[in-house]
Amino acid sequence: MSTTFTVDFFCSLDGYGSAKGWPGYWGKEGPEVIEDRVRTFAQDQVLVFGATTFREFRQFVTMFDEPYYDSINTLPKLVFSSTLEEPLGWQNSTVLDEDAVTAIERLKRTTDVPMRSHGSISLNRALLAAGLVDRLEVIMFPAVTGSAGEAALLHGGAELDLELVESTVLDGRTQKLVYIPHLHTEVPAGVGPKPRNAD
């Protein structure tokens, strides 16, 4: 028995997951982006959160009316936290007060239900560094947030080689890129620019 773990990340072109003063989706959502979210969360899966993202989404689903929020509410959810206590105020949610890397490694071996984590920067950065992420799904919006940007998943994290397995343009402007990540270990011999032959 085993399963997969997917990290699901929204970002601007410069790699930030959110930005001060910018709205959700950077104000660039379209019907194909929303349809992609509906399909994504209609799948049988367990949603995995860090405490900060859990608190944010627990509030988002009551404040906003997105067509995939009912699915998020219904799906089972795990949140890693040493401060949150049950009841968590969000249906089908369970708190785990343990090391996330150790727990996800165990859960991947002992369950056959896929797991997905959206946002949760520090959690997913640690899981990427531990080699526990099977798919990295990036939806990159056409915006550069510059000094307003924050929550950059891939800045300052592990070095990764990425195998591109899917590339889609949504609404004619937003890129969905799906990768299989591999921890970068060494540069193979013979790659990169070739030196000129000395005369």
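Each of Phe10 and Val144 belongs to its own hydrophobic cluster when Ile, Leu, Val, Met, Phe, Trp and Tyr are linked at side-chain heavy-atom distances under 4.5 angstrom. Residue Leu160 is grouped with residue Phe5 when hydrophobic side chains (ILVMFWY) are merged at heavy-atom distances under 4.5 angstrom, including chains of intermediate members. Val101 and Leu154 end up in the same hydrophobic cluster when Ile, Leu, Val, Met, Phe, Trp and Tyr side chains are linked at under 4.5 Å. Hydrophobic cluster membership differs between Val169 and Leu177, with clusters built from Ile, Leu, Val, Met, Phe, Trp and Tyr side chains linked at under 4.5 angstrom. Under the 4.5 Å side-chain contact rule for hydrophobic residues, Trp22 and Met63 share a cluster.
The nearest pair of heavy atoms linking Leu13 to Met140 is CD1-SD, 3.8 Å. The shortest heavy-atom contact between Leu88 and Val79 is CD1-CG1, 3.9 Å. Contact record, Tyr16 with Ala152: CD2-CB, 3.8 Å, taken as the closest heavy-atom pair. Between Thr53 and Ser120, the closest heavy-atom pair is OG1-N, 2.9 Å. The shortest heavy-atom contact between Gly149 and Ala19 is CA-CB, 4.0 Å. Closest heavy-atom contact between Leu123 and Gly50: CD2-N, 3.6 Å.
Gln91 pairs with exactly one of Leu75, Val61, Asn73 by the side chain to side chain contact (heavy atoms under 4.5 Å, CB included) rule, that one being Asn73.
Looking at Ile121 and Phe9, their side chains come closer than 4.5 Å, going by heavy atoms from C-beta outward. Counting heavy atoms from C-beta outward, Leu47 and Ile72 have side chains that approach closer than 4.5 Å. Taking the side chain as every heavy atom from C-beta outward, Leu127 and Val7 never approach each other to under 4.5 Å. Using a 4.5 Å heavy-atom threshold, the side chains of Pro114 and Gln43 count as separate. At a threshold of 4.5 Å between non-hydrogen side-chain atoms, the residues Lys108 and Asp134 count as touching. Considering only heavy atoms from C-beta on, Thr168 stays 4.5 Å or farther from Gln175 through its side chain. At least one side-chain heavy atom of Leu107 sits less than 4.5 Å from a side-chain heavy atom of Met115. Taking 4.5 Å as the limit, some side-chain heavy atom of Leu162 sits within range of a side-chain heavy atom of Leu136.
For the residue pair His182 and Asp161, no side-chain donor N or O sits within less than 3.5 Å of a side-chain acceptor on the partner.
Of the possible polar contacts, none joining the Glu163 side chain to the Pro181 backbone as a donor-acceptor pair under 3.5 Å is found. Between the side chain of Ser81 and the main chain of Leu84, a donor-acceptor pair closer than 3.5 Å is present. Side-chain atoms of Arg173 come within 3.5 Å of backbone atoms of Lys28 as a donor-acceptor pair (strictly under, hydrogens ignored). Using a distance-only test at 3.5 Å, with no hydrogens or angles considered, no donor-acceptor pair links the side chain of Arg125 to the main chain of Gly157.
Ring planes of Tyr69 and Phe57: perpendicular class, angle over 60° (limits at 30 and 60°). Between Phe49 and Phe54, the ring planes lie perpendicular to each other; the angle is over 60°, past the 30° to 60° tilted range.
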- Quick one: do Asp112 and Thr3 satisfy side chain to side chain donor-acceptor pair (under 3.5 Å)? Show the steps, please. CA-CA 5 Å; Asp112 56 4; Thr3 193; over 6 Å; no
- Show your reasoning for whether side chain to side chain contact (heavy atoms under 4.5 Å, CB included) applies to Ser18 and Glu150. CA-CA 5 Å; Ser18 62; Glu150 47 192 22; 3.4 Å; yes
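Within a 6.0 Å sphere centred on CD of Glu166, other residues, nucleotides and ligands contribute more than 12 heavy atoms. Other residues, nucleotides and ligands contribute only 12 or fewer heavy atoms inside 6.0 Å of the CD atom of Glu85. Annotation for Lys20: atom NZ does not count as buried by contact number, only 12 or fewer foreign heavy atoms lying within 6.0 Å.
Note that OG of Ser117 is 13.0 Å distant from NZ of Lys77, once rounded to the nearest 0.5 Å. In this structure, NE2 in His118 is found 8.5 Å from CD1 in Ile139, a value given to the nearest 0.5 Å. Note that CG of Asn92 and CG of Leu78 are 11.0 Å apart. Values are rounded to the nearest 0.5 Å. Distance OG/Ser93 to CH2/Trp90: 6.0 Å, rounded to 0.5 Å. Note that CD of Glu105 is 9.0 Å distant from OG1 of Thr110, once rounded to the nearest 0.5 Å.
In the hydrophobic clustering, Ile180 connects to Val165, Val178, either directly or through intervening members, whenever side-chain heavy atoms lie under 4.5 Å apart.
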Result block: side-chain N/O donor-acceptor pairs under 3.5 angstrom for residues 32-42, not counting sequence neighbours:
residue : atom : partner : partner atom : Å
Glu32   : OE1  : Asp171  : N            : 2.6
Asp36   : OD1  : Lys176  : NZ           : 2.8
Arg37   : NH1  : Asp8    : OD1          : 3.4
Arg37   : NH1  : Asp8    : OD2          : 2.8
Arg37   : NH2  : Asp8    : OD2          : 3.4
Thr40   : OG1  : Asp36   : O            : 2.8

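Evaluation of the salt bridge (Lys or Arg N to Asp or Glu O under 4.0 Å) test over residues 91-101, restricted to residues two or more places apart or in two chains, returns Glu98-Arg106.
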